[in-house]
Amino acid sequence: MYKILRIICCVISAAILAACVFLFVYLGTFWGLISLLCAAIFFALTLLFKGLQEDYDKKHPYNDPVEPVQPTEPATPEVPDESTDDKTE
């Protein structure tokens, strides 16, 4: 959930920064500064959600199905079967 919020806030922040140039030119300094403040707020939310996602991942680890899972216990060595002996007398 935090990943989605982080991406949304990042896109909104980038869009506001792109519009900031036009706001400075056409509407004036006041509205340009307001848009910079809004972009900074959304960028701070992006960083907040990133930190929350990292904390959540530490508390709830998951196994990636792509990565192979190493066995925790060593495999038992095979004991040769002595009943099938190839020795001829």
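Residues take their numbers from the sequence shown, with the count starting at 1.
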Once you round to the nearest 0.5 Å, how far does [atom1] of [X] lie from [atom2] of [Y]?
X   : Y   : atom1 : atom2 : answer
I8  : F49 : CD1   : CZ    : 9.0 Å
K50 : C9  : NZ    : SG    : 14.5 Å
K3  : I7  : NZ    : CD1   : 8.5 Å
L48 : R6  : CG    : CZ    : 11.5 Å

- With sequence neighbours left out, write down each residue that passes side-chain hydrogen bond (donor to acceptor under 3.5 Å, both in side chains) with D57, or none if nothing qualifies. Q53

Give the table of side-chain donor-acceptor pairs shorter than 3.5 Å for residues 18-45, with sequence neighbours excluded, one pair per line with atom names and distance.
residue : atom : partner : partner atom : Å
S35     : OG   : W31     : O            : 3.4
S35     : OG   : G32     : O            : 2.7

- Message: Please determine whether residues I12 and L17 belong to a single hydrophobic cluster, defined as Ile, Leu, Val, Met, Phe, Trp and Tyr linked transitively by side-chain heavy-atom distances below 4.5 Å.
- Response: no

